[in-house]
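For reference, the structure discussed in these notes is given below.
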Amino acid sequence: MAKRIVFAVYDAMAALACALILALAPASQAHAYIDPSVMTYTIQAVAGVAVALSAVAGVALRRGRKVLMRILDIDENSKKRIEADVHRTDGSVAAGWRLGSAAGAGAYTWAAADAGPNADSGRAALDDSSAGPAKNRKKGHKPLWKERLVYGLIAAFFFTFTIYFVAPLEIVAGASQDLVYSMGDVWWTLLLPDLGIIAGITLVLTLLRGKAFNIGLVLVFAVGLSAYVQALFLNTGLPAANGDTIVWADHMPMQVVSTIVWLVIIAAALVFGILRSRRSQGVVAIVAVCLVIVQGVGLVSLAFTPSASGVSEASDAKVVMTEDQMYTVNPNHNVVVFILDTYDTAYLKRILRDFNPDLLDGFDGFTNYENATSAMIPTRFAIPEMLTGQMPSFDETYETYAAERYERSDFLQSIYDANYSIGLYTDSMRISALPADEQRAITSKTVNIHSLPDSMMDYWGCVYSLFQMGQYRDVLWPFKWAFWYYTDQINRAMVASDEDTAPDETVYVMDDVRYYNRLSEFGLTLEDGDYDGAFRFIHLLGSHYPFSYDEEANFIGDDESNVFRQSQGALHIMKTYIAKLKEVGVYENTTIIITADHGYWTITLDPLEETSTPIMFVKPEQSAELDALPMATDEKPVSHLDLQATILDAMGLDYSEYTQRDEWAGYSMFGYIDPDRVRYYLTTDSLEDLTAVQFREYEIDGNALDWENWHETGRFIEPIEQE
């Protein structure tokens, strides 16, 4: 037993050494200039060194094992049946078989009295008998059930660990700022389902025998290996999980390449498993263990990233964004900001012209600022800017800006100090990467981001979502459509909620139809407490895909609607909110801003080719007479850079910090705005997987609805990060 333990330790160290070498393969790129004239020689030299080192490592490990055997006095041929050489012996007895004691157990000798016919018959008998072991060798190694169990367990663990554990958890860790739950919250939900998959595959492989076992073993391993290769090298251009309708035919080249690679890997593994059964079993075990270690090391490193959905605390509860106070308003004063994602003024104009000219009826007391622009685009940059008023500087890196934008801002602090209750309802605050104390400094100012029992997680919905994400990443391209998902769908599935769940126990997810149904059924109530006012920032899907509800906010199925129907439905929700404000008698003392985080935008590396103008409806606190007037239209050049000043102005607070800046200065929309103002705007050049390559600055000199007034300034900021 002690000797076995020593060998187990040695083999584990050898596997770990191989895993560490493999872990260096997908290392970060290093950029350097190499003269083209020596490039091919450099490649050959590097490849030669790699092959030589691999050979040396293999020989060294094998010889090290032999040395260990000699030290421990172990005969590697013990308990093996060894066939001795066959030879003719002389004797006076009749020809026949006998067991040769001198040759050792299992060795046979031939005895013949003479060289007559008996000798020939004996030789014939020798040929027939010796054919037995040869036939067994041709049939290949037939492992006992215990061996099949071990090999099957290794292959099943590698397959399941790669696709159903590592893949979903890496996706969750990478999308920590968009998902409700983090990797640390959900990893345990995969344990029992994954163990069930491992047990099932292992049982099936153990019951197989002979060639069937070899084929099953290498097939399970080959699929797992193909998924590993798919995730590392073959997901180029994989569509982002943002709900956009995907034309899969546009990705045909990658579908072909992915399919060929999978077929080659699986075919090669099957051929190797059939022709070299014993060796293939060892190769499967070694490579599987190495890749499990490599992926495990990477997964452990991700476990130390900050929490995805708030601040983790040393208790059985977790700080998350809830619906708490989303349906309450203050009897004294309110400032309510609605963000209808991607709602472009161009959509509004098209609807008014072609579908519903009465769409804006009911927005009494509002002003429609048609000449509006965003500040940053897309959502993951726009929402933090709206909540901080901070824009990046051209003399700093994006990483510095992202790490410090909330710390630099006094916007939320000013509202908090004015004794306003703060409710923030959005999935795009982007604070999970901040240190825990900075997260607490932000969330502690709100009424809705607080502790929530883990029991609010929908266990099976979580498992289903994780499996869906893992398979979407790891399956070959032609099957990805079957596992396509989008972030809000995952969030809804992970959270346990129903119409009877109290808002303070309901995790907020962006679900317009749910919001509308609860608003229609329960309405608005006046908040308790000694607050002087309330600030609500509510982010809804608006005109963003997937288009799933109609003009009256009825759910009709994903992709069953269109941007114009859903855009009308979004404003129907706003009209319902206005009606509920009037029911509780606070419409006159409520400032409402209805805008979008940005207008129409596409994921591209190229410059803009058309305008992107968010809607901007604003109603100040004012008299009942003014609130009864129909919506007015104003062509003032407004911008999201004006939001902070406008909100603070509505609360009677000092907003000069946002209007007296050297760059990115704003105005209050309730005061004077220079009609000749030149507005500045940062768009994001992105790869298809939403990797932000750089920010591109535009100036808009004139009406933002006219593309002729948009000009590039030639200034860029490189974020150098993957969102």
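Treat the numbers as computed from the prediction; the structure is a model and nothing was measured. All heavy atoms count here, side chains included; hydrogens, waters and symmetry mates do not.
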Give a yes or no on whether the ring-centroid distance for [X] and [Y] is below 6.0 angstrom.
X: F537; Y: Y425; answer: no
X: Y577; Y: F338; answer: yes
X: Y516; Y: H572; answer: yes
X: F381; Y: Y398; answer: yes
X: Y698; Y: Y680; answer: no

If you measure from [atom1] on [X] to [atom2] on [Y], what distance do you get to the nearest 0.5 Å?
X: S409; Y: L387; atom1: OG; atom2: CG; result: 8.5 Å
X: T506; Y: M321; atom1: OG1; atom2: CE; result: 14.0 Å
X: Y549; Y: Q568; atom1: OH; atom2: CD; result: 11.0 Å
X: L641; Y: T373; atom1: CG; atom2: OG1; result: 6.5 Å

Would you please name every residue forming a side-chain hydrogen bond (donor to acceptor under 3.5 Å, both in side chains) with [X], sequence neighbours left out?
X: R679; answer: N371
X: S393; answer: D395
X: N332; answer: N330
X: H333; answer: Y420, E621

**OP:** Give every residue pair that meets the salt bridge (charged side-chain N to carboxylate O under 4.0 Å, His left out) criterion with at least one member in residues 661-670, sequence neighbours excluded.
**Re:**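 For residues 661-670, and leaving out neighbouring residues, the salt bridge (charged side-chain N to carboxylate O under 4.0 Å, His left out) pairs sorted by first residue read E663-R715.
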Subject >> Summary of salt bridge (charged side-chain N to carboxylate O under 4.0 Å, His left out) pairs that have at least one residue in residues 570-595, sequence neighbours excluded >> reply: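 Every pair satisfying salt bridge (charged side-chain N to carboxylate O under 4.0 Å, His left out) with a residue in residues 570-595: D364-K582, K580-E583.
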Applying salt bridge (charged side-chain N to carboxylate O under 4.0 Å, His left out), can you list everything that pairs with [X], at least two apart in sequence or on another chain?
X: D627; answer: K619
X: E404; answer: R408
X: R696; answer: D685, E712
X: D194; answer: none

Does atom [atom1] of [X] have more than 12 heavy-atom neighbours, drawn from other residues, nucleotides or ligands, at distances under 6.0 Å?
X: Y531; atom1: OH; result: no
X: W187; atom1: CH2; result: no
X: Y464; atom1: OH; result: no

Subject >> Inter- and intrachain pairs under side chain to side chain donor-acceptor pair (under 3.5 Å), touching residues 637-656, at least two apart >> reply: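 Checked against side chain to side chain donor-acceptor pair (under 3.5 Å) - neighbours excluded - the pairs reaching residues 637-656 are T595-H640, D642-R677, D649-S668, D654-S656.
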Original post:
Which of these passes side-chain hydrogen bond (donor to acceptor under 3.5 Å, both in side chains) with H598: T684, T683, T613, T379?
Top reply: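 Going through T684, T683, T613, T379 one by one, the side-chain hydrogen bond (donor to acceptor under 3.5 Å, both in side chains) with H598 is satisfied by T379 alone.
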Original post:
Can you tell me if D504 uses its side chain to pair, donor with acceptor, with the backbone of N448 under 3.5 Å?
Top reply: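 Judged by distance alone, no pair lies under 3.5 Å.
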Taking all non-hydrogen atoms of both residues into account, name the closest pair between [X] and [Y] and its distance.
X: P637; Y: I673; result: O-CG2, 3.7 Å
X: Y545; Y: F547; result: N-CE2, 3.6 Å
X: M183; Y: L299; result: CE-O, 3.6 Å

**OP:** List the steps, then state whether side-chain contact (heavy atoms from CB on, under 4.5 Å) holds for D324 with Y508.
**Re:** CA-CA 9 Å; D324 197 5; Y508 176 74; over 6 Å; no
**OP:** Please step through salt bridge (Lys or Arg N to Asp or Glu O under 4.0 Å) for the pair E385 and R405, ending with a clear verdict.
**Re:** CA-CA 8 Å; E385 187 280 326; R405 56 191 168 190; over 6 Å; no
**OP:** Apply the test ring pair (Phe, Tyr, Trp, His ring centres under 6.0 Å) to residues F467 and Y164: give CA-CA distance (whole Å), side-chain angles for both, the deciding distance (0.1 Å), then the verdict.
**Re:** CA-CA 6 Å; F467 279 3; Y164 296 105; 4.9 Å; yes
Original post:
Partners of L192 by side-chain contact (heavy atoms from CB on, under 4.5 Å), sequence neighbours excluded?
Top reply: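 So L192 forms a side-chain contact (heavy atoms from CB on, under 4.5 Å) with Y459.
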